[in-house]
Amino acid sequence: MTPWLQSYDPLHQVAGSTLAAALPILFFIVTLAVLRWRLHWAAAGTLLLAAAVAVTVYGMPVASAVAAALYGFAYGLWPIVWIIGGVVFLYRLTVKSGQFEVVRASIASVTPDARLQMILIGFAFSAFLEGAAGYGTPVAITAALLVGLGFDPLRAATLCLIANTAPVAFGAMGTSITVAAQVSHADLAALTAIAGTLLPLFSLLTLGWVVVALAGWRGARDIWPALLVAGVSFSGTMMATALWIGPQLPAITAALVCMVSLVVLLRFWQPTKALHLREHTPIYPAMMETPPLTARRIATAWLPFGLLTMCVVLWGNKSFQSWFAPDGMLSETTRWLEVPFLHGVVYKTAPVVLGAELYPAVFRFDMLGAVGTGIFLATLLSAACLRWRPKFVLGVFRETCVSLWPTVLTIGLVLAFATLTNYAGMSATLALALAGSGKMYPLLAPTLGWFGVFLTGSDTASNALFAPLQATVAHQIGVSDTLLVAANMLGGAAGKMISLQSIAVACAAVGLMGREASMLRATLRASVVFAVLAGIVIFILT
């Protein structure tokens, strides 16, 4: 057992140690919610405070504290930022080249009915963008599209925020769920299976909610065939992909199957009376002159996203990944680096109480085997197929790097903080305090994820902060740690629609700067209802 854990007995120091362990999180909350610091500055301050607590209160050696923070930061860069950067790079290329306008027009031209446009754009296309890129992209794009089609800006942004709940846990190529498994030491396959089983149910609720909010119960009833097709195709595909493929593609495949299914349905069925909105002057036709849509032009525009999907499926395949295992044919392309002052350390999810569990600190650097590499390959193939000039591609790459640096810094700092608190034993201390609620805790478990996303705007950041706590509390009260980590993701999905960052992005996208409070009030009820239902479901399953 490590020296700082040998001398620490949380059963006899609950009051003082709990306050010390909670200080960094309280600091994070105050700097974000009260002082309105930028997210990366708040994360940096939180990391420094956590390091001070780990060294002074927990007796963690300075070298080990620094090693833990660097280990977490490095994991944030590789493979997480490698994935996010590749996806955002590909998306920006499609926008700059004009192909994304064709993608947008191909969706918007399917139907004039506002309810069906909401399903296609606000729900399905938003899920596709969330699965591919995440981090505010879906709400900004889909809200602006709906405003261009005649939706009131506040209504469009509000409904898009609510609709974006469905795919959040599988956003950015499964980054959120991968981080949750990494920091909590939960089994990724099992966590994906639970999320893939529960989230489709909430997707159905989300779909129904946004349509009823837009058109009322009668308006929703009039398009029940579309609701049925969209709901079954989306939820069924999400569940099947999560169970059989992995966490990277459920949102993308569900969105694609849902959109294709709806387009096929609308060739044979249309609502008796279309709902035409007159809330806002439609600006879509005047926004940009889109060339006539042909099958070839649409296929060309969707090609980058098709290549992206195929590459991610290949890189997520277990047989393909076995090539990069220690005994695989490409094992030399993977480096396993032991973290100095940390590897071999006995890390206990609840010191003294649960007994020691070894969690080795080994950083895996897999240049070819990382999913992000597959994403960049899809980008290069897209550039070759669509004949994008190298100068154009490099220019967009440079813009992407410049625009993403705050996100990169934030992800690295939050994961550094999460890893440090895990190895110091601070997460275990907080978990012991939370475990005091006993068997009732699962009812409240999603609240942590909900609160984390409300503050940070990121399900990934929320999981990095609170998934270890969820897993440790699960051990304390004798329930599945995987289930409580999944509860954190469900709560995070519910909190996404009221996160300060998401609301700011939505307001900026539709020209409602200064109306953030109105948008928060408009989404709060749905967010609370979803969080409460998530708690009830988790409580029943335990």
Side-chain angles (χ1 to χ4, degrees), residues 67 70-87 89-90 131-132 170 172-196 240-253 306-340 342-345 347 357-384 411-412 415 419 460 463 467 482 485:
L70 291 176
Y71 178 35
F73 193 92
Y75 181 76
L77 297 180
W78 191 277
I80 295 172
V81 168
W82 185 233
I83 294 172
I84 295 170
V87 172
F89 178 37
L90 178 61
F170 294 116
M173 292 295 176
T175 297
S176 174
I177 196 169
T178 303
V179 168
Q182 168 75 12
V183 299
S184 67
H185 305 286
D187 180 76
L188 179 59
L191 188 58
T192 302
I194 293 177
T241 306
L243 295 177
W244 296 337
I245 297 179
Q248 290 86 11
L249 287 174
I252 289 179
T253 54
L307 291 172
L308 174 69
T309 302
M310 288 189 291
C311 286
V312 171
V313 168
L314 175 61
W315 257 256
N317 183 272
K318 291 182 179 179
S319 298
F320 181 74
Q321 281 296 314
S322 67
W323 295 0
F324 309 100
D327 56 347
M329 67 175 69
L330 296 177
S331 59
E332 291 301 317
T333 64
T334 301
R335 290 289 179 266
W336 302 83
L337 309 174
E338 296 182 0
V339 181
L342 206 62
H343 178 64
V345 163
Y347 165 72
E357 295 184 21
L358 284 174
Y359 289 125
V362 180
F363 179 72
R364 177 181 176 179
F365 184 72
D366 46 350
M367 176 58 77
L368 294 182
V371 174
T373 303
I375 295 171
F376 269 92
L377 175 61
T379 303
L380 295 177
L381 291 174
S382 300
I411 292 173
L415 283 167
T419 305
T460 300
N463 286 337
T482 308
V485 174

* Return the set of residues passing side-chain hydrogen bond (donor to acceptor under 3.5 Å, both in side chains) with Trp78 (not counting sequence neighbours), or none when no residue passes. => Asp366
* **Sequence-distant partners of Trp82, side-chain hydrogen bond (donor to acceptor under 3.5 Å, both in side chains), two or more places apart** => Thr373
So which heavy atom on [X] is nearest to which on [Y], and how close?
X	Y	answer
Ala67	Pro340	CB-O, 3.1 Å
Thr482	Ala186	OG1-CB, 4.4 Å
Ala467	Ser184	O-CB, 3.6 Å
Ala242	Gly196	CB-CA, 3.6 Å
Thr419	Gly72	OG1-CA, 3.3 Å
Ser176	Asn463	OG-ND2, 2.8 Å

Roughly how far apart are [X] [atom1] and [Y] [atom2], rounded to 0.5 Å?
X	Y	atom1	atom2	result
Leu77	Phe363	CG	CZ	7.5 Å
Arg364	Tyr75	CZ	OH	10.5 Å
Gln248	Leu308	CD	CG	11.0 Å
Phe365	Thr333	CZ	OG1	10.0 Å
Leu307	Leu90	CG	CG	8.5 Å

* Can you name the ring-ring contact (aromatic ring centres under 6.0 Å, His included) partners of Phe73, sequence neighbours left out? -> none
Determine whether a donor-acceptor pair (N or O, by modelled atom type, separation under 3.5 Å) exists between the side chain of [X] and the backbone of [Y].
X	Y	answer
Thr334	Leu330	no
Gln321	Trp315	yes
Thr192	Leu188	yes

* side chain to side chain contact (heavy atoms under 4.5 Å, CB included) partner of Thr175, chosen from Ile177, Thr178, Val179 -> Val179
